[in-house]
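Only one structure is covered here, and it is reproduced in the block below.
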Amino acid sequence: MFDRYKKITNDMVNLVSGVSKESQKTLNVLAPLKLRENLVALADYCSSKDLVIGCLGQICVRLPSKKCLMVKENAAFSRLSISDFRICSTESRMSLSEDILLKVMQFNEIDAVLFCQPTACLSIAVDGDGFKKQSMLFEFSHRILFFENRNEFLNSELDFADINEAVVMIRGVGLLSYATSIEEAIDLAEYTERFCQIMLNVSKK
């Protein structure tokens with residue numbers, strides 16, 4: 001009985017180990033070490049400069065064969081390591097943030113998506129209609145898309161690729177920015193948060 005149990009346990013360990021090695025091979029082929037090192041360096045830079053992406057940031061970068069490179073669900077963006085990434089399909093659905101990211105990644109023209117929760121953006125999204133009226137004074141406003149909730153966004157039939165380098169504000173959820181590179185997506189998120197801070201200061205006067 002004990003020998004049989006021991007054999008079953010060893011078989012399971014070997015199976016998991018084999019799957020892990022295959023997953024690592026896939027990761028190394030589709031997302032070379034250099035790419036992951038660059039993303040870790042970018043995360044360190046964002047953290048050192050106290051940019052809006054913060055520790056809650058989630059990124060998605062397009063890879064070949066309808067695959068994406070994403071940060072693991074429980075990894076803190078401000079403390080990333082090269083082991084904190086995983087491969088997923090652009091057609092898969094898992095966590096809340098992945099649903100949101102992959103909704104945009106369905107469009108082949110978009111190569112990088114960022115999801116974060118900056119304070120001013122979340123505050124502004126509470127009064128989306130009021131913000132839209134005030135923001136018309138700013139050139140950037142046409143690239144800000146508002147959604148009342150997560151489901152409205154996920155069920156939207158909007159072609160996001162038609163609006164190049166834009167941001168999505170989802171009430172009570174956060175900010176989504178997309179572009180041709182993750183650096184540009186981060187720039188957009190930072191710009192939008194500063195923009196929202198200005199609008200909040202104006203509304204207080």
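All values reported here derive from a predicted model rather than from experimental measurement. Count residues from 1 along the sequence.
Minimum heavy-atom separation, C88 to M70: SG-SD, 3.1 Å. Considering every non-hydrogen atom in both A31 and I87, the closest pair reads CB-CD1, 4.2 Å. Counting all heavy atoms, side chain and backbone alike, M105 lies closest to V113 at SD-CG2, 3.3 Å. Nearest heavy-atom pair, N149 versus E152, reported as atom, atom and distance to 0.1 Å: OD1-N, 2.7 Å. A pairwise comparison of heavy atoms in L80 and V40 identifies O-CG1, 3.5 Å as the closest pair.
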**OP:** Might you work through the side chain to side chain contact (heavy atoms under 4.5 Å, CB included) test for L122 and Q117, ending with a clear yes or no?
**Re:** CA-CA 7 Å; L122 286 172; Q117 296 177 315; 3.9 Å; yes
Original post:
Could you go step by step and tell me if C68 and V61 meet the side chain to side chain contact (heavy atoms under 4.5 Å, CB included) rule?
Top reply: CA-CA 5 Å; C68 293; V61 178; over 6 Å; no
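Here CD1 of I144 is found 6.5 Å from CE of M169. Values are rounded to the nearest 0.5 Å. Rounded to the nearest 0.5 Å, atoms CD (E190) and NZ (K49) are 12.0 Å apart. Here L63 contributes atom CG and L35 contributes atom CG; the two are 7.0 Å apart, rounded to the nearest 0.5 Å. Between C60 atom SG and K103 atom NZ the span is 14.5 Å, to the nearest 0.5 Å.
Side-chain contact between P118 and T192: absent, with no pair of heavy atoms (C-beta onward) separated by less than 4.5 Å. Counting heavy atoms from C-beta outward, V168 and I170 have side chains that approach closer than 4.5 Å. At a threshold of 4.5 Å between non-hydrogen side-chain atoms, the residues L188 and Y178 do not count as touching. Side-chain contact check for D84 versus R79: every heavy-atom pair is 4.5 Å or farther apart. You'll find the side chain of L42 reaches within 4.5 Å of the side chain of I186, heavy atoms only. Inter-residue side-chain proximity for L30 and L69 is flagged as unmet; no heavy-atom pair is nearer than 4.5 Å. Considering only heavy atoms from C-beta on, L101 comes within 4.5 Å of Q58 through its side chain. Side-chain atoms of F147 and V173, non-hydrogen and from C-beta on, never get closer than 4.5 Å to each other.
Within the structure, the side-chain hydrogen bond (donor to acceptor under 3.5 Å, both in side chains) test picks out the following pairs touching residues 29-47 (sequence neighbours left out): N28-R36.
Take S83 and apply the side-chain hydrogen bond (donor to acceptor under 3.5 Å, both in side chains) test, not counting sequence neighbours, and it matches S81. Partners of A189 according to the side chain to side chain contact (heavy atoms under 4.5 Å, CB included) rule, which considers only residues two or more places apart in sequence or in another chain, are V52, L114, C116, L175, S177. Residues passing the salt bridge (Lys or Arg N to Asp or Glu O under 4.0 Å) test with D111 are R62, sequence neighbours excluded. Every residue two or more places apart in sequence or in another chain was checked for a salt bridge (Lys or Arg N to Asp or Glu O under 4.0 Å) with E193, and none qualifies.
A donor-acceptor pair is defined here as one N or O able to donate and one able to accept, closer than 3.5 Å; no such pair exists between the side chain of E148 and the backbone of R171.
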Side-chain donor-acceptor pairs under 3.5 Å in residues 153-160, sequence neighbours left out?
from, atom 1, to, atom 2, distance (Å)
N155, ND2, N151, O, 3.0
S156, OG, L158, N, 3.1
D159, OD1, A161, N, 3.1

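Residue L39 is grouped with residue I82 when hydrophobic side chains (ILVMFWY) are merged at heavy-atom distances under 4.5 angstrom, including chains of intermediate members. When the side chains of ILVMFWY residues are joined at heavy-atom separations under 4.5 Å, either directly or via intervening members, L33 and V29 end up in two distinct hydrophobic clusters.
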